[in-house]
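Working notes for the structure below.
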There are 2 protein chains.
Amino acid sequence: MSSVTIKDIAKLAGVSHTTVSRALNDSPLINPETKERIKAIAGSLQYTPNYSARSLVLDRSYNLGLFFSTLRTGTSAGFLYEAIKGVNDVIKDEYNLIVRGIDDYKSFHQVNRKSFDGIIVMSQSASDQPFIEYAAEKGIPLIVLNREIEDVQVMNVVPDDQSGAFRMTEYLIQQGHRRIAIIEGKEGFKSTQSRRDGYLEALRKYHVAFSEAMSAQGNYDLESGYAAMNRLLDLPERPTAVFCCNDDMALGAVKAITERGLKVPDDLSVVGFDDQLFSAFMTPALTTIRRPIEEMSRAGAAKLLAFIESKQLEHETVYFHTELVIRDSVKTIAGG
Amino acid sequence: MSSVTIKDIAKLAGVSHTTVSRALNDSPLINPETKERIKAIAGSLQYTPNYSARSLVLDRSYNLGLFFSTLRTGTSAGFLYEAIKGVNDVIKDEYNLIVRGIDDYKSFHQVNRKSFDGIIVMSQSASDQPFIEYAAEKGIPLIVLNREIEDVQVMNVVPDDQSGAFRMTEYLIQQGHRRIAIIEGKEGFKSTQSRRDGYLEALRKYHVAFSEAMSAQGNYDLESGYAAMNRLLDLPERPTAVFCCNDDMALGAVKAITERGLKVPDDLSVVGFDDQLFSAFMTPALTTIRRPIEEMSRAGAAKLLAFIESKQLEHETVYFHTELVIRDSVKTIAGG
DNA sequence: CACAGAATTGCACACGTTAACAATGCTCTT
DNA sequence: AAGAGCATTGTTAACGTGTGCAATTCTGTG
């Protein structure tokens, strides 16, 4: 039951534990025959190295941290899923992927270079800033995904939210819409800001008037989209199209519209942002912006690993293009 | 930059590193004043213990493994999300949560008692069996969630799938349906079996005839539900209700139905299983069975931690009740 | 004052691994 | 045949922490 160590193997092979260590690590110093013999013994004893001991002497934890702003409400399931999938695809077999919510920490005490070989922050909010600064200051290899970081020097991979929102709004205008409402994301999130900016930029460019009444605050969850849409429907002069700042809220918005006996897109057009897994299967299928979370995660993880191994630093921010996915939730208005 | 150890603190405090170790671990042996002094110094130096060293001597890794059958296709986002959320809520601050797909391992070599203080397997398929047996044999504290394990002695927390499927089918029958189709889950999954069994059991109990044509194979993803539904719609004598073995497939089914110009539930009733986050916001809102993944994960994690700390073993299987969630996707057929 | 016993601290080793350096034996060259 | 140099293996220390046991100091009691 008690686990076998290299010393046990050494005893059986009649060599020193050093030789065993070298043999198992494929050191060229060891005679091929001895090496084979030792490996055979190790195999038959089902030897597995003690990672704690190895970590201690090599000063590597074999842990990679994947941190989200929160694992409570606020992080969508698809988001978590794609991020984990992307990172997991890339990390070598030898790394452990540790998942945590930043807001789970009372203190960042336990976060240090000994415990994490590297850290990936999937940042959704400015509230992550202290954590990012802490990790950066501790000298832990660090990459921040999804949210643009300005003050601190870190590796950064982000989607181009603003151009995505611009493209979407432009598309609605091109389909003849002029009264275009926006259901906004959670306050304080950078993405909320960027998407609003893209929306406004498009309105400006095409000389479409913006009115405050056309903006409803949401917080990125289903219910808030439902509630915000109801407020918009109560307006004396309703919009003809609604740009929801994510797909969850679009789902809620469609629900609100349908409940009033109206139809999407015949009576009202609805678009989203994110391209969640379910969006293609909504009724109607949702026109939205795809934000390549999985690809970004994969790229970010690869970049982090490369840095850990080479210590070659690149601080430039990488932008990932979003993509307009046209489906069935927008009506083309004749004349314009 | 090089990290501070208890020896550094010892030097500054003018004591031995033993005393520092004891002080920081709140040993009653140490004079309260010395203790305070040492803690103050540790705090001012921002000391953080080296977990590798501690692990080595204490023979604890502080790692908890959360294993899914796969992180590639087959695990739904909501499933992953709820499981992580539930476990994360419970684990003490001192544990790392390591997430992996079992099918990522070429060999289970790295999985041992030194690397994991405990393992939670969120099992979705019989293909997990070798892994479970391996972990059990290695003597790693182990709990299996979601799938019932028969041959191996392990802690087990599972939903009562069969009674859930039974309840759902019974409900459809009570609403007057007699031609009830089933879109089945992925072959080889125990859940597929249990849900079919519950479905058949209800048919038998209420003397409703079953025909093979009413069964369409799926594999738990959206597309397969879409395809299976199309096959059912091609039948000369269509069903009046379809029991989809999960919500993703129900979403696909609704899509297929709508595309043919038919309406749910007016022309065809559709129900699901799992109660995903989006199900309440589909059009129409989906009637489904809630499987309490998050609660099960929470209970399982708590049970595992209790075992790790007390070594008090309980091998009985815990069943979690599912719940029928009635929404708007079923039509009541008059007369029956 | 002496001494028992408690309170407090230190010494030395252990955990399992890696690696610098030393040591041994062998081969080849001259 | 002697020495250089290579191939192979062993000796020893180190990583940072926890702990059994010995050592010291302190307290109280007779």
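Each chain gets a letter, A, B and so on, in the order its sequence line appears, and its residues count up from 1.
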Got a sec, which residues hit salt bridge (charged side-chain N to carboxylate O under 4.0 Å, His left out) with [X], two or more places apart in sequence or on another chain?
X        : value
A:Asp128 : none
A:Asp103 : A:Arg72
A:Arg147 : none
B:Arg100 : A:Asp93

Range on DNA chain D touched by chain A - first to last nucleotide, heavy-atom distance under 4.0 Å: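 Footprint of chain A along DNA chain D, 5' to 3': D:dT8 to D:dG16.
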Under 4.0 angstrom between A:Tyr47 side-chain N/O and C:dT17 OP1 or OP2: yes
Under 4.0 Å protein heavy-atom contact, by nucleotide of nucleotides 6-14 of chain C - B base, S sugar-phosphate only: --BBBBB--
Roughly, in whole Å, what's the span from [atom1] in [X] to [atom2] in [N]?
X       : N      : atom1 : atom2 : value
A:Tyr62 : C:dT17 : OH    : C1'   : 10 Å
A:Leu56 : C:dT17 : CG    : C1'   : 8 Å
A:Tyr51 : C:dT18 : OH    : P     : 10 Å

For B:Phe68, all residues meeting ring pair (Phe, Tyr, Trp, His ring centres under 6.0 Å), sequence neighbours excluded: none
Partners passing ring pair (Phe, Tyr, Trp, His ring centres under 6.0 Å) against A:Phe108 (at least two apart in sequence or in another chain):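 Residues passing ring pair (Phe, Tyr, Trp, His ring centres under 6.0 Å) with A:Phe108: A:Phe131, A:Tyr134.
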Touch class at under 4.0 angstrom, heavy-atom based, for B:Asn25 against every strand present: sugar-phosphate
Sugar-phosphate only, base, or nothing, as touched by A:Leu58 at under 4.0 Å among non-hydrogen atoms: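 It contacts sugar-phosphate atoms only.
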Residue pairs, two or more places apart or on separate chains, that pass side chain to side chain donor-acceptor pair (under 3.5 Å) and touch residues 51-61 of chain A: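 For residues 51-61 of chain A, and leaving out neighbouring residues, the side chain to side chain donor-acceptor pair (under 3.5 Å) pairs sorted by first residue read A:Asp59-A:Lys114, A:Arg60-A:Tyr95, A:Ser61-A:Asp117.
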Pairs involving residues 34-46 of chain B, ordered by first then second residue, that meet side chain to side chain donor-acceptor pair (under 3.5 Å) (sequence neighbours left out): B:Asp26-B:Lys39
Over all atoms of both residues, closest heavy-atom pair of A:Leu71 and B:Lys85: O-CD, 3.2 Å
Rounded (10°) bend between the five-pair end axes of the helix from C:dC1-D:dG30 to C:dT30-D:dA1: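 Inter-axis angle at the ends, rounded: 60°.
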Polar contact flag, side-chain donor to acceptor under 3.5 angstrom, A:Ser16-A:Thr19: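 Yes.
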Residues 295-309 of chain B, side-chain donor-acceptor partners within the protein, below 3.5 Å, at least two apart:
from	atom 1	to	atom 2	distance (Å)
B:Glu295	OE2	B:Arg290	NH2	2.7
B:Ser297	OG	B:Ile293	O	2.8
B:Arg298	NH2	B:Asp89	OD2	3.1
B:Arg298	NH2	B:Glu294	OE2	2.9

